[in-house]
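To find a chain, count down the sequence lines: A is the first, B the second, and so on, and within it residues start at 1. For clarity, every value in this text was computed on a predicted model and none was experimentally measured.
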Amino acid sequence: MMSELLVPFSYEYMLKAMWVSALVGGVCAFLSAYLVLKGWSLMGDALAHSVVPGVAGAYILGLPFAVGAFFTGILASVGMAFVRQHSRLREDAVIGLVFTSLFALGLLLASIWPTSVSVQTIVLGNILAISDEDVVQVAIISAVSLALLLLRWKDLMIVFFDEAYARSIGLNTFLLKALFFTLLSACTVAALQTVGACLVIAMVVTPGATAYLLTDRFGRLIVISVALGAGTSFAGAYISYFLDGATGGVIVTLQTLLFLAAFLLAPKHGLLAARRRRMTIAGAAP
Amino acid sequence: MNVMAKSVGPAAADLNGLGASISVRGLAVTYASGLTAVHDASFELDPGSICALVGVNGSGKSTIFKAIMGFVKPAAGEIRLCGRPVAEAISRNIVAYVPQSEEIDWNFPVLVGDVVMMGRYGHMNFLRMPSRVDRYKVDAALERVGMSDFRNRQIGELSGGQKKRVFLARALAQEGRIILLDEPFTGVDVKTETAIISLLGELRAAGHLMLISTHNLGSVPDFCDQVVLLNRTVLAAGPTAEVFTQANLERAFGGVLRHYNLGGAQLHDDADPRHLTVLTDDERPLVIYGNDRKKMPSPPTQPDEPKKR
């Protein structure tokens, strides 16, 4: 029995899948801690879908996928800014318009010129079959992002909390926000490999949302979020070996289960705690 | 108080020589939309004073704040803070900003102590690791505003007045010689307002310069030494007694202000020539009776009152 549970660790591709997933899951969770605070959650989804044509194009041309993704990520941001400035459409409509257009273009490219990468891989991810070059790219993206976040997390916190104040103490808020969105696009690209374009949004929202219910301190929120993101991604890859199911699906299901647990049971912000408080108040003042 | 005397003392000594002054000369700010928010605005403010920035919405109060904090580049004119250009003053932590309550996300996962610690970030190294001095100054600032017992509360759990005091504590911890307060009395009860005003008085004594944008006309004569009246430009600036007159206020507020004038038979049975004037824009009213300015007990401001036009 015991040895059966250890089987995944004896395959190199499983080991690789587990640690790459954990790394990407951890960094995405770090970013999610910020994203859920600002009402920008859907930006993660928009970016993940927008980079698809870049990824498909890069595979067709034989370039590193990160290059293509970066190019279309920029194109998407510029496109959204341009349409917003030159039309009277609201922001959500512009985001919806731009990212679906790019996503459609990506699907079209990948289906017309079938290459080493299939549409299914881009949309659903396929961490179990990730190539060594892709592992290197994902590892570099994640490590650099993690390092930058660890160095600048407090500055970013002030920018997200009180932007005017951040500027008044001399922080370059434009640069910090640009850094954040660059890291976000880079990490969504990395996460494409593990869970696919459709589920990236969960990686950059759910761990942060769960941690948000569990603590009132931002530093702890980050720690909890990263632990959840890395843990579920690692476990998800591991479990998918036994279930023979899509890794992305398993990871996101685990994250959702943990969110539901926090939603119900969180000591202060959970549903049951709120109910208990109401009962106490009602009991104290009949 | 002892604690604070220590923390304010040395900084005050350093900078008093320079004076916590604001000098605005011929300032004009034009936004990208082409709107000129202020033009040809000039005023000088001295150390150790409290100055009210008064005007209708859109008169340029927030533009002047933004210009002082370096968020907008003047199209003309110049601003000097403690004799230095804005960018240099900012990098030396001379300016402390206390935001409006509406600008803050009160659900943000930070504790009271964390917010006040943000005041020290400008003094910290690249990694923003708080030193013992930083912790000490945060303690002292919390002590001074009477919020020490609340340091481990999430900020959303506080009352309107307590929230305000936390952000004042952040400004204290920052040790800015110039403190900008944006509508500090909105959504605050009269007791807290009085507490904030007395704290500002102490800071004035310590040599700080406070610039307050306010709608709260009624309390301006009580605690402000100077007034800058704005309407796209500076209409009048100087000592409160000279500038904060009915004639000037009517000029600044035009038809926006509610203006009641009671006199003659409406007010007196006898031939008393004095009349009662009430100027208000929905917050604490300014009440002028006869030649004296007397304030009547005013109703507490409603925290959830609709935002003024």
Check: Quick one: CG on A/L265 to CG on A/L272, what's the gap to the nearest 0.5 Å?
Finding: 5.5 Å
Next item on the list: To the nearest 0.5 Å, tell me how far B/R177 CZ sits from B/R92 CZ.
Entry: 14.0 Å
Distance-only, no hydrogens or angles: does the [X] side chain make a donor-acceptor pair with backbone N or O of [Y] under 3.5 Å?
X	Y	result
A/K154	B/R128	yes
A/T206	A/M203	no
B/R170	B/V98	no
A/Y34	A/W153	yes
B/D114	B/L111	yes

Note to self: Quick check for you: among B/S91, B/G122, B/P99, B/G176, which has the greatest number of heavy-atom pairs under 4.5 Å with chain A?
What the structure shows: B/P99
Notebook entry, point to check: When heavy-atom pairs shorter than 4.5 Å are enumerated against chain A, which of B/F65, B/Y97, B/F108 gives the highest number?
Noted result: B/F108
Next item on the list: Spell out the residues in residues 148-164 of chain B that have some non-hydrogen atom less than 4.5 Å away from a non-hydrogen atom of chain A, in order of number; otherwise answer 'none'.
Entry: B/Q154, B/I155, B/E157
Next item on the list: For A/F174, enumerate each residue passing the side chain to side chain contact (heavy atoms under 4.5 Å, CB included) test, keeping only those at least two apart in sequence or located in another chain.
Entry: A/N172
Notebook entry, point to check: Taking only residues two or more places apart in sequence or in another chain, which ones pass side chain to side chain contact (heavy atoms under 4.5 Å, CB included) with A/A273?
Noted result: A/R276, A/R277
Item checked: For chain B, the option from A/T173, A/D155, A/L150 that forms the most heavy-atom pairs under 4.5 Å -> A/D155
Next item on the list: Write out, in numerical order, the residues from residues 212-221 of chain A with a heavy atom short of 4.5 Å from a heavy atom in chain B.
Entry: A/Y212, A/T215, A/D216, A/R217, A/F218, A/L221
